[in-house]
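Remarks on the structure that follows.
In what follows, every chain begins at residue 1, and chains take the letters A, B, ... in the order their sequences are listed. The structure presented is a predicted model; accordingly, all values stated were derived computationally and were not measured.
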Protein chains: 2
Amino acid sequence: MAKIDLARRAEIGREKRVRTRVQIVDAGLLLLADQPPEALTVNAIVESAGVAKGTFYYHFQSVEELVAAVGAKLADTFDELVARSRLEQSDSIERMAFAFTRFLEKAISDPVWARLVVRSAQAPAGIREHLKADLAEAIAEGRLATEDVELAADIVVGIWTQVARGTLERRATPDLPHQALQAALRALGVPRTQGRHAAAARAGRNKSQIGSK
Amino acid sequence: MAKIDLARRAEIGREKRVRTRVQIVDAGLLLLADQPPEALTVNAIVESAGVAKGTFYYHFQSVEELVAAVGAKLADTFDELVARSRLEQSDSIERMAFAFTRFLEKAISDPVWARLVVRSAQAPAGIREHLKADLAEAIAEGRLATEDVELAADIVVGIWTQVARGTLERRATPDLPHQALQAALRALGVPRTQGRHAAAARAGRNKSQIGSK
DNA sequence: CGTCGAATTGACTATATAGTCGAACTGACT
DNA sequence: AGTCAGTTCGACTATATAGTCAATTCGACG
């Protein structure tokens, strides 16, 4: 009976614990959109999250640990945006193009997310690995002008990051994701007849969506 | 007579003043290559520069002022790298290509400079203005696939920044500047027969190039 | 080698931050 | 109403940082 009690207690605690933890992580995420991790203070976090300092240390050992948690949450949002299409789409370049567009649309519609991503210089490591895998496949198929996977990844990530940064400072035109993607594909040396149909379809569909506010 | 004395004194002081100021700025520059401005402390600066805290405040009103000074110094290095060619080269795309390559070579040969530039997210404002001017000219001449100057600038800056960041994490291949430039030109939609001679000539010393390895 | 203005020093105060800890609280269960 | 593990609180200590200022040093000059 003591056994059951303990398990039950733990479960109850876990729910409360999760709520507060999420609260803290969200506050940290918001703050990290405006300042680098090195400048993030515990005081600022607890004030923003509306909890006591002791509560923070009950959930995290240090600020670094919170930063890591925010990073993990950010990585999740990336995965969620493209998880389905990665399974459905078999063409490497189409996969990459879809992700590129999808991420950019997300950046435009969610500036906080964009600021956070742009700040964390190198995008979540997992994403780059996926990108490199797609690019390596495309290179193996002889569809890219570049032979160097790392360089190709830098080109795509670089264009994406800077264009996303641009959307934070200037208003984005409706076809910006499409335009940026075209530039990235040209940079990679993808022939015009390849890898642009799905992207174009997406861009068309979303145009009315965005315009409808 | 008092007049002459005062002027002379001031001049003497200025020399000493300049020496120490440079010392502090250099220390700040080094620190800013490893950490964001928001995390830069006066204590760290004075320790690294080997001066007393009071000395720092004798030269600068705040850390922000020092950061600005470092930014100005960084901007100067950019100008120095391309000042001559800007006057000599009349073709807009050639100008841009030269600067792109030159900056990347600098980043490869001077990692501290590269880290500093990559950290200060948006490259010194003056450089972007020059780039936009060149791109606007090229667009007016109908030589680019993109009509949007801001987007074109983001593409070039984005590729450059990410490739430069890559050189900090991986060893740069000899023809990386040339390869990256080619990608940027493709991204902009510059026809193959245009704007590549000067670049090719520059990369020539490392040549027999693309197929190598 | 004494003078004097400019530059430098480091101790000092006030404030901010990191991290700790005992006490108080919560809510499911009895 | 009482119990109790888990959770939350906020006061507290120790350390770090920003910014000030009177005292000291520097060095060209007569």
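- Nucleotide D:dG10 holds its P atom 17 Å from the CZ atom of A:F56, rounded to whole Å.
- With rounding to the nearest 0.5 Å, the separation of CG in A:L40 from CG in A:L31 is 6.0 Å.
- Taking atom CG of A:L40 as the reference point, atom P of C:dA16 lies 17 Å away to the nearest angstrom.
- The nearest whole Å value for the distance from the CZ atom in B:F60 to the C1' atom in C:dA7 is 14 Å.
- Ranking D:dG10, C:dT8, C:dT9 by closeness to the B:V51 side chain, first place goes to C:dT9.
- Across the protein-nucleic acid pair, B:I24 atom CD1 and C:dA7 atom C1' stand 11 Å apart, rounded to whole Å.
- Heavy atoms of B:T55 sit under 4.0 angstrom from at least one base atom.
- Put simply, CD1 on B:I45 is 17 Å from C1' on C:dG10, counting in whole angstrom units.
- When the side-chain nitrogen and oxygen atoms of A:N43 are compared with OP1 and OP2 of C:dA16, none of them lie within a distance under 4.0 Å.
- Note on A:Y57: a side-chain N or O is less than 4.0 Å away from OP1 or OP2 of C:dG19.
- In this structure, B:R19 atom CZ and C:dA6 atom P are separated by 17 Å, rounded to whole Å.
- For the pair B:V42 and A:G50, both in contact range of DNA chain D, the more 5′-proximal nearest nucleotide belongs to A:G50.
- A salt bridge is absent between B:R171 and A:E150: the closest approach of a Lys/Arg side-chain nitrogen to an acidic carboxylate oxygen does not fall below 4.0 angstrom.
- Here B:H59 does not reach the OP1 or OP2 of C:dA7: none of its side-chain N or O atoms lies under 4.0 Å away.
- Counting only heavy atoms from C-beta on, B:K53 has its side chain closest to D:dG19 among D:dG19, C:dT20, C:dT8.
- In B:E38, the CD atom is crowded: over 12 heavy atoms of neighbouring residues, nucleotides or ligands sit closer than 6.0 Å.
- The shortest side-chain heavy-atom distance between A:R165 and B:D154 does not fall under the 4.5 Å cut-off.
- Distance A:E47 CD to C:dA16 P: 11 Å, rounded to the nearest Å.
- Atom-to-atom distance recorded for B:L32:CG and B:L29:CG is 7.0 Å, nearest 0.5 angstrom.
- If you take CD of A:E38 and P of C:dA18, they are 13 Å apart, rounded to a whole angstrom.
- Between D:dT7 and A:Y58, a contact under 4.0 Å exists linking OP1 or OP2 to a side-chain N or O.
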